[in-house]
Novice: 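Please find one structure pasted underneath; my questions will follow.
Each chain gets a letter, A, B and so on, in the order its sequence line appears, and its residues count up from 1. These figures come from a predicted structure and were not determined experimentally.
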2 protein chains.
Amino acid sequence: MDDRAAKDELFDALASVAKVLGSGRRAEIVDVLAQGERAVDEIAQEIGQSVANTSQHLQHLLRSGLVHSRRDGTRIYYRLSGPGVAQLWAAVRLVASDHVAKLNELATAYLGDRSALSTLTRTELRDRMAGGDIVVLDVRPEPEFRSGHIAGAVSVPVKELAERLRELPDGHTVAAYCRGPYCVFADEAVRTLRRHGIPAVRLEDGYPEWEAAGLPVETSASTTPAGTS
Amino acid sequence: MDDRAAKDELFDALASVAKVLGSGRRAEIVDVLAQGERAVDEIAQEIGQSVANTSQHLQHLLRSGLVHSRRDGTRIYYRLSGPGVAQLWAAVRLVASDHVAKLNELATAYLGDRSALSTLTRTELRDRMAGGDIVVLDVRPEPEFRSGHIAGAVSVPVKELAERLRELPDGHTVAAYCRGPYCVFADEAVRTLRRHGIPAVRLEDGYPEWEAAGLPVETSASTTPAGTS
DNA sequence: GAGATAATCAAGTAAGTACTTGAATACTTG
DNA sequence: CAAGTATTCAAGTACTTACTTGATTATCTC
């Protein structure tokens, strides 16, 4: 019965997709690439690994088909090969948050205590934006803002936030967002703003989820029409 | 900066979910458990591995939270820990079919040439069932039928099909279904039926997808009301 | 309680993985 | 074409994984 071997190979091929996501470093890479394409050395810096090691992880992702790459001059830019990849990563996070016992503990160790920070869901934020009483802050690094952001958001990377508080209009609540539910930037931004007496909340998840939900986005170049909610 | 270590641990924990699905054998186990709970030796036989090895894979799945177990007498039954797990497995399959280059080739090697077999989507099948001109055949092993099947389906495991052809009413098309898109049983059933001159098609995916879509199902004991489509 | 069955555990082996270091390649700019 | 930058490749090491075999534990039946 050589059928067994064929079945094994088929399921190995299906599982190869999960296998390649089954490394924390590669998961971080996918989380970053869900914000838009990036060059190798930017990714390496983002995940805190050597360029050589990062390059090898990217080769893995490339071979398994989860990312594509393009060369521009001396730099090589990587991007997710399609929206299904970001959805898969979201499914992984969801199952982990439901079923991995120690996840809350690890999240608190990295993100700090979130219990004091109030959050908005995507639809709540959309409705508040329509009301006009809220300022939306994209606190990710600027290149990520440029490759796509919530329509109407202002870019203030969290590193520059403390110095740029004067730019914020008075009398408005600020809603900060970043990469996703396990991204620190928005938490940090909310804490900074509150320390200065500015009412602030964070978006529950991040930009990729907003985009995937068909809510209105823009890039530095063009503006998309509002999607169906 | 010890923040890096905390971030690494968090993403390792998120990725652990993908890692445990990243073995072809464990993926097969999840595919089987998506049909309902099973005992260790049944699973071992299903995936063609030793009981000891299967048990160890199940321990992995248990530790990572993807499955739960319960003891009944001398047997230990495993089941998926929630609907999110089946959804994750579906997301993995989808990304694989979109982006893994050699997948079609491997699928053909295992499943045979499918080009001659026509398929119905879930909604097409539901509509044909409402019309009453179609017989729906569940060709999975009987225990899987018992733990849940499409409402109105008849159980004829593919191994018994050739001997039970007389049971089928004349003048109807037969729609066969099994575990999912990479399950051979329905393909085999359609080929057998056609060889005997009975018009037959297969459901595009399988029982777990039908159930997840909220379409009407029953178990050997009870019948659920038709869900929203 | 003896015997049978189902599952797990423990130890061993072969193969694979993650990271490091240093060299090689590809392209750009002067 | 020489020098510089971005990336990949190759080789090495420490660690992990998948499977095997044989022994052990848990429960049921008589």
Novice: For A:Arg122, check salt bridge (Lys or Arg N to Asp or Glu O under 4.0 Å) against everything at least two apart and list the hits.
Specialist: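 Partners of A:Arg122 by the salt bridge (Lys or Arg N to Asp or Glu O under 4.0 Å) criterion, ordered by chain and then number, come out as A:Asp205.
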
Novice: Hey, what do you get for NE2 (A:His149) to CG (A:Leu137), rounding to the nearest 0.5 Å?
Specialist: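 So the gap between those two atoms works out to 12.0 Å.
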
Novice: Applying side chain to side chain contact (heavy atoms under 4.5 Å, CB included), can you list everything that pairs with B:Glu9, at least two apart in sequence or on another chain?
Specialist: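 B:Glu9 satisfies side chain to side chain contact (heavy atoms under 4.5 Å, CB included) with A:Leu106 once adjacent residues are dropped.
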
Novice: Using 0.5 Å steps for rounding, measure from the CD atom of B:Glu37 to the CD1 atom of B:Ile43.
Specialist: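 The distance works out to 9.5 Å.
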
Novice: For the CZ atom of A:Arg71 and the CD1 atom of A:Ile76, what is their distance to the nearest 0.5 Å?
Specialist: 4.0 Å

Novice: Between protein and nucleotides 19-30 of chain C, map the contacts as a letter string: B base, S sugar-phosphate only, - none, heavy atoms under 4.0 Å, written 5' to 3'.
Specialist: BBB----SBS--

Novice: Over how many whole Å does the gap from B:Leu58 atom CG to C:dA6 atom P extend?
Specialist: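 These atoms are roughly 16 Å apart.
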
Novice: Could you state the atom-to-atom distance from CZ of A:Arg75 to C1' of D:dT5 in whole Å?
Specialist: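 Distance check: A:Arg75 CZ to D:dT5 C1' gives 9 Å.
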
Novice: Give a yes/no answer on whether the side chain of B:Lys19 brings an N or O atom under 4.0 Å of OP1 or OP2 in D:dT17.
Specialist: yes

Novice: Just to be sure I understand the rule, does A:Tyr78 reach a base, reach only the sugar-phosphate, or reach nothing, if contact means heavy atoms closer than 4.0 Å?
Specialist: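 A:Tyr78: backbone/sugar contact only, no base atoms under 4.0 Å.
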
Novice: If you take any heavy atom closer than 4.0 Å to DNA chain D, which residues from residues 31-42 of chain B end up in contact?
Specialist: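 Here the set is empty: none.
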
Novice: Mind calculating the distance between CG (A:Leu61) and P (D:dT7) to the nearest angstrom?
Specialist: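 The answer, rounded to whole Å, is 16 Å.
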
Novice: Rounding to an integer number of Å, can you tell me how far B:His60 NE2 sits from D:dA18 C1'?
Specialist: 9 Å

Novice: Angle between the two end axes of the helix from C:dG1-D:dC30 to C:dG30-D:dC1, five base pairs per end, rounded to 10 degrees?
Specialist: 30°

Novice: Just checking, any donor-acceptor pair under 3.5 angstrom between side chains of B:Asp138 and B:Tyr177?
Specialist: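 Yes, B:Tyr177 and B:Asp138 have a side-chain donor paired with an acceptor closer than 3.5 Å.
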
Novice: Using the six-membered ring of B:Tyr77, assess whether NZ or CZ of B:Arg70 lies under 6.0 Å from its centre and within 45 degrees of the ring axis.
Specialist: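 Output yes; distance and angle both within limits.
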
Novice: Using the test side chain to side chain donor-acceptor pair (under 3.5 Å), find all partners of B:Asp98 that sit at least two apart in sequence or belong to another chain.
Specialist: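 Per chain and number, B:Asp98 pairs via side chain to side chain donor-acceptor pair (under 3.5 Å) with no residue.
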
Novice: Charged N to carboxylate O below 4.0 Å: is that the case for B:Arg202 and B:Asp187?
Specialist: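 Looking at B:Arg202 and B:Asp187, the cut-off is met.
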
Novice: How many angstroms lie between atom CZ of B:Arg75 and atom CD of B:Glu42, to the nearest 0.5 angstrom?
Specialist: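 Those atoms lie 5.0 Å apart.
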
Novice: Could you work out which one of C:dA18, D:dT7, D:dA18 sits closest to the side chain of B:Arg26?
Specialist: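 For the B:Arg26 side chain, the nearest candidate turns out to be D:dA18.
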
Novice: Verify side chain to side chain donor-acceptor pair (under 3.5 Å) between A:His57 and A:Arg26, making sure each step is shown before the conclusion.
Specialist: CA-CA 6 Å; A:His57 279 306; A:Arg26 285 193 293 269; 3.1 Å; yes

